[in-house]
Amino acid sequence: MIEQRRILATAIPGPKSQALAARKVAAVSAGVGTGLPAYIEAAQDGILRDVDGNQLIDFGSGIAVTNVGNGNERVIAAVQRQIADFTHTCFMVTPYEEYVAVAEKLAELTPGAHEKRSALFNSGAEAVENAVKIARSATGRQAVVAFDHAYHGRTNLTMGLTAKNMPYKHRFGPFASEIYRVPMAYPYRWPTSPERCLEEAYAEFTDLVHAQIGEENTAAVIIEPIQGEGGFIVPPDGFLTRIADFCRDHGIVFIADEVQSGFCRTGDWFACDHEGVVPDLVTTAKGIAGGMPLAAVTGRAEIMDAVHSGGLGGTYGGNPVACAAALASMESMREDDLNAKARAIEDTLVPRLKEIADRTGVIGDIRGRGAMLAVELVEDQAKKTPRRR
Ligand SMILES: *Cc1c(COP(=O)(O)O)cnc(C)c1O
């Protein structure tokens, strides 16, 4: 057990971390950066302990992964049990129950009461790639619409879907074709006014799809219901519903990328639940399995089943140990009511952040839901000048 308390035993990084950082430079590609230069040897709940005995509060959470905390007892027990039984067979060759049980659980938890199917993968990027493959196969169309500020991963197709050049795309092109980008409904920075953001962003979206692609050529629209890496951008209420309705009217597959916003982070199981949006396909990963690598595409049975047998899969996708961890994580989220806890974090934090905004003048916008909260720093609150450092 690690006491849930911050302890600074040495400077950060301490001598052992510095020695490891030197080994890292000599052995690990410079392309793989590290945030904090402290090397971790143990973690429990919200505290990390580094190799020099410092205990640090885990604001990183493994990039929105350890929703149930590190060292969760249910997850540890499930993983240990599964490892002792077997670690791998490859579901496509010799199947096992855990994969099916995760798919059943996702059908129950994801938005909408329709019949659903799932396919399991290893990472968020792989889930997004497969969601696009499924949408193209089901519709016989090619074009995919993605939003400004989007983040969908680092593989070739998902780099193409991701908006930001640095650090994700710089010098890594050429990118996949048939990807079209539209403005995100970003109220704080909408060119006219936050009040007009909903109508105008929706109009730009429909105009661009119509004029540049053609509805009948559009396979899918993919959106993070709250953008994660792009800065926790929350579209105005009604935006997602209208995009979903537009997609339904035109036979376009509406994909909600809930890789980051899913699993209780926003105070709901999924960010789409907030306004009752029911996507055709949902991608999940990150928080799904208590830190074990697992991802999923879950969606309407008729879309998911449109793919030919053998068209989806991979060696490790839905690994049994990761599936056991996922079942235990989802059980913990329900038992410990993490949705209520996320809402309590919002209730505690937002008034404090408002107070800091008033006192310091450097916070232009406070946004997000549940525990998925952000502030946007500015030089000048009235002018909204971005703060560069
Ligand atoms: C992190 C993230 C991904 C990519 O997930 P990986 O597991 O890193 O491949 C995709 N979409 C969103 C919204 C993400 O936040």
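Just so you know, ligand 1 is whichever comes first in the structure, and atom 1 is the first atom listed for that ligand. Just so you know, these numbers come straight off a predicted model, no measurement behind them. Computation of the quantities below employed the complete heavy-atom set of this structure, encompassing side-chain atoms and omitting hydrogens, waters and symmetry-equivalent molecules.
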note = If we number the atoms of ligand 1 from 1 as shown, the ones under 4.0 Å from a heavy atom of Asp257 are 10 (C), 11 (N), 12 (C), 13 (C)

ask   = Under the ring-ring contact (aromatic ring centres under 6.0 Å, His included) criterion, do Phe121 and Tyr316 qualify, and how do the steps go?
value = CA-CA 7 Å; Phe121 304 99; Tyr316 290 113; over 10 Å; no

remark   = Taken in chain and number order and not counting sequence neighbours, the residues that satisfy salt bridge (charged side-chain N to carboxylate O under 4.0 Å, His left out) with Asp280 are Arg300

message = Would Glu224 count as a contact residue for ligand 1, given that I'm defining contact as a non-hydrogen atom of the residue lying under 4.0 Å from a ligand atom?
response = yes

request  = Please determine, by modelled atom types, if Glu215 and His210 share a side-chain donor-acceptor pair under 3.5 angstrom.
outcome  = yes

key: Region of Ser123 engaging ligand 1 - heavy atom pairs below 4.0 Å   = both

request  = Kindly confirm or rule out an N or O of Glu126 lying under 3.5 angstrom from an N or O of ligand 1.
outcome  = no

ask   = Of Asn54, Asp50, Asp52, which meets side-chain hydrogen bond (donor to acceptor under 3.5 Å, both in side chains) against Thr10?
value = Asn54

query = Is there a nitrogen or oxygen of Val259 sitting under 3.5 Å from a nitrogen or oxygen of ligand 1?
reply = no

query = So with a 6.0 Å cut-off around CD of Glu355, is the heavy-atom count from everything else above 12?
reply = yes

note = Nearest heavy atom to atom 6 (P) of ligand 1, choosing from Gly124, Ala150, Ser261, belongs to Gly124

ask   = On the ring face of Tyr188, is Lys384 found with NZ or CZ under 6.0 Å from the centre and within 45° of the axis?
value = yes

ask   = Polar-atom distance check: Ala125 versus ligand 1, any N or O pair below 3.5 Å?
value = yes

query = Of the backbone atoms (N, CA, C, O) and the side-chain heavy atoms from C-beta on, which set of Glu229 has a member under 4.0 Å from an atom of ligand 1: side chain, backbone, both, or neither?
reply = neither

task = For Arg181, enumerate each residue passing the salt bridge (charged side-chain N to carboxylate O under 4.0 Å, His left out) test, keeping only those at least two apart in sequence or located in another chain.
result = none

query = Please state which protein non-hydrogen atom is closest to atom 15 (O) of ligand 1 and give its distance, to 0.1 Å?
reply = Lys286 NZ, 2.7 Å

